[in-house]
Protein chains: 2
Amino acid sequence: MENTKKTTIHDIAEKLNVTASTVSRALKGNPRISDSTKKAVLKTARELNYEPNHIASALRSGRTQLIGMLVPTINRSFFSSIIRGVEEVANSLDYRVIVSQSNEVLDNEENAVKAFLNARVDGIIASIGKNTQQFDHYKQVLERGLPLILFDRTTPHLQTGQVVIDDYQGAYLATTHLLEQGCRKIAHFTTERKIDIYKERYRGYLNALQDYQVKPNEALVFSGNLQLEDGRAHTKALLRKGEAFDGIFSASDYAAMGAMQVLKENGLKIPEDVALVGFLNEPFTSFTDPPLTTVNQFPIEMGHTAANLFFHALNAEKKKIVPKKTVIQPELIIRASSLKKKP
Amino acid sequence: MENTKKTTIHDIAEKLNVTASTVSRALKGNPRISDSTKKAVLKTARELNYEPNHIASALRSGRTQLIGMLVPTINRSFFSSIIRGVEEVANSLDYRVIVSQSNEVLDNEENAVKAFLNARVDGIIASIGKNTQQFDHYKQVLERGLPLILFDRTTPHLQTGQVVIDDYQGAYLATTHLLEQGCRKIAHFTTERKIDIYKERYRGYLNALQDYQVKPNEALVFSGNLQLEDGRAHTKALLRKGEAFDGIFSASDYAAMGAMQVLKENGLKIPEDVALVGFLNEPFTSFTDPPLTTVNQFPIEMGHTAANLFFHALNAEKKKIVPKKTVIQPELIIRASSLKKKP
DNA sequence: AATGGATATGTAATCGATTGCGCAATTTAG
DNA sequence: CTAAATTGCGCAATCGATTACATATCCATT
């Protein structure tokens, strides 16, 4: 209904016999404009159902109020929760979030960043691909002076804001918990991937063992892709080898789930025979039987933090702030899969 | 490196001694430009590392290459998968996707739509809130002549493109499957919500019973919010009442999960004593014990379809096309929770 | 009365690309 | 060989808001 034409500041200006610049200033609360005209402008703006054209504003001012957000996979709980967290903060500040996914492919990653830049986003929040070793596309972002915040999957090759959880601590908590439950032969599922987070989890595992005077056993450490099938294969290998084990700390919930399946198929009791701990708090972990003990990464909070860092960097602009790195402390969610001693 | 200044079509024009309009046309492949100048333009564009400014283009042309996507909750598997599907198609056509979430709150929904319009998106793909009964904000989108595609949660109050799954058929398949497994006293978990999809599932349930000459029993139908706790409560109520039942078809996986928990807690065997079928194919359903039979809604494909409808509507523009409604056929995923007869 | 300084608003360029209109130059038709 | 059509490109306005700079008015100061 009403006019199909959108009203612009010129329409308001005409109606009030002032110029568009006055209207623009009035709408922005410029102190050089008298209160009376400000009021009048606001009033007719409302009457004419004025809505600012962000595109025109963006062209002139160079600020689009858009954040480009790049994740490996949109439809994975961890990432979609982070998107949610970012969206919540961005929305409250009248910013909007463009999402793209890389599917862990460098080419997609580069194209997405380029598309973001062409869309003239005000900055980028991203988690880098598993196999990405080349960071020129991100460097371009920084060279343009745009804020870049990395989360979860970060790299030391980029001097910029980062949000990660303390993977070491998460793994340490998980392993310590197994040790406290009486486990002494604890297997670990990890990956060869050159991502720091898995190295950190491995380190946490080793240090926990050390702190309990348990000698690490290389035969209990398995490397793969941390998917369900990997967990199944590792567990079968463990059983086949006859290597004694009474606990498994998997760096991924999926692999832990694979272990749970194979253990149950072989008539082993969880946690009595083998206690099990995963990592990431995937939504399914509370629904397994027994429910899976895991490490919560607080993804929504991670999204909030990433967004806050983003806006901090955005406001600092040229002031050359030192890139901030925020480390979120994980939480061990203890469920039945590892709880031998009833409290 | 290089210039910090972005190169524009004017820079290219200057270097070639032509005007910006010629450059613009050349880049767009306008047939009125000779092949030789086109080649020259392309060449220097590459040399100068030219990247088009979408904002400027958007202001003049009125097309932003942006799609506003509104979902109730970003971090739910069903919705994030649809976002993924939309993003895939949009990306391949050089469109970008802005996401927002309503959290099922009308106010958020209205604000998100308004924000999309202010960002001058080329159209909107949305799933309406559970409690939304007021559609003026969507009508404004249509009045502006922008494409609006609704998915999953739709309404007859809006004449526009829609993508839904055949909820009736999904429920019919599910219930028929239980009947074929020998169940005759099948409970149903549903909701009072005024959303068509649940009514359709109820209808599918009833019709399947009818086709098998099973008389519906009102005492076996439970209405709630379809969350885990609701499923638990309904199942406990069933057991308490002593109402005999040998199967449950839940309109949600979460409620089905609640049922599974309570049944197991009460020493009942699944599927021998009670066969169980859910709806939605939540990721956790394959990890429960026993794995949960459920109905696949093909969310990624639904996203693809929504995006395709969107672009169809976008290209049709003023040609006043009849709003298309696409119905996706669901698939029953049969797992151990309902499989009494081993095939 | 002349000068200075606020205060309030106007002028016009600008952001970068797009596009209707116009006009040469060249080709084709008759 | 001239008129008409086509080809290739320039001119300039435009999208809507922003902003550096200029200007006008009014009051206060000396």
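For the numbers below, each heavy atom of this structure counts, side chains included, while hydrogens, waters and symmetry mates do not.
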Within the 4.0 Å heavy-atom criterion, would you say [X] contacts the bases, only the backbone, or no part of the nucleic acid?
{"X": "A/N17", "value": "sugar-phosphate"}
{"X": "A/V18", "value": "sugar-phosphate"}
{"X": "A/T8", "value": "sugar-phosphate"}
{"X": "B/D35", "value": "nothing"}

All pairs passing ring-ring contact (aromatic ring centres under 6.0 Å, His included) where residues 40-78 of chain B contributes a residue, at least two apart
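Applying ring-ring contact (aromatic ring centres under 6.0 Å, His included) to every pair that reaches into residues 40-78 of chain B, excluding sequence neighbours, yields nothing.
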Nearest 0.5 Å, what's the [atom1]-[atom2] distance between [X] and [Y]?
{"X": "B/Q140", "Y": "B/I124", "atom1": "CD", "atom2": "CD1", "value": "10.0 Å"}
{"X": "A/N75", "Y": "B/S80", "atom1": "CG", "atom2": "OG", "value": "5.0 Å"}
{"X": "B/L314", "Y": "B/L309", "atom1": "CG", "atom2": "CG", "value": "12.0 Å"}

For A/S100 and B/E87: C-alpha separation, side-chain torsions, deciding distance, then whether side chain to side chain donor-acceptor pair (under 3.5 Å) applies.
CA-CA 7 Å; A/S100 250; B/E87 197 267 351; 3.0 Å; yes
Sub-4.5 Å side-chain heavy-atom contact between A/L146 and A/L117:
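Result yes, sub-4.5 Å side-chain heavy-atom pair found.
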In chain order, what residues pass the side chain to side chain donor-acceptor pair (under 3.5 Å) check against B/T19, with sequence neighbours excluded?
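Scan of B/T19 (side chain to side chain donor-acceptor pair (under 3.5 Å), adjacent residues dropped) gives B/S21, B/T22.
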Of all residues at least two apart in sequence or in a different chain, which pass the side chain to side chain donor-acceptor pair (under 3.5 Å) check with B/E301?
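Scan of B/E301 (side chain to side chain donor-acceptor pair (under 3.5 Å), adjacent residues dropped) gives none.
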Compute the angle between the rotation axes at the two ends of the helix from C/dA1-D/dT30 to C/dG30-D/dC1, each taken over five pairs, rounded to 10 degrees.
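One end axis against the other gives 50°.
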Using a distance-only test with no angle check, is there a side-chain donor-acceptor pair under 3.5 angstrom linking A/E51 and A/N53?
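Checked: A/E51/A/N53 side chains show no N/O donor-acceptor pair below 3.5 Å.
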DNA chain C: 5'-most and 3'-most nucleotides touching chain B, 4.0 angstrom heavy-atom criterion
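Result: C/dG16 to C/dC21.
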Where along nucleotides 18-26 of chain D does protein come under 4.0 Å, by heavy atom, of base (B) or sugar-phosphate alone (S), with - for untouched nucleotides?
BBBB-----
Geometric class of the B/F135/B/H157 ring pair [parallel <30°, tilted 30-60°, perpendicular >60°]:
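Plane angle under 30°, so parallel.
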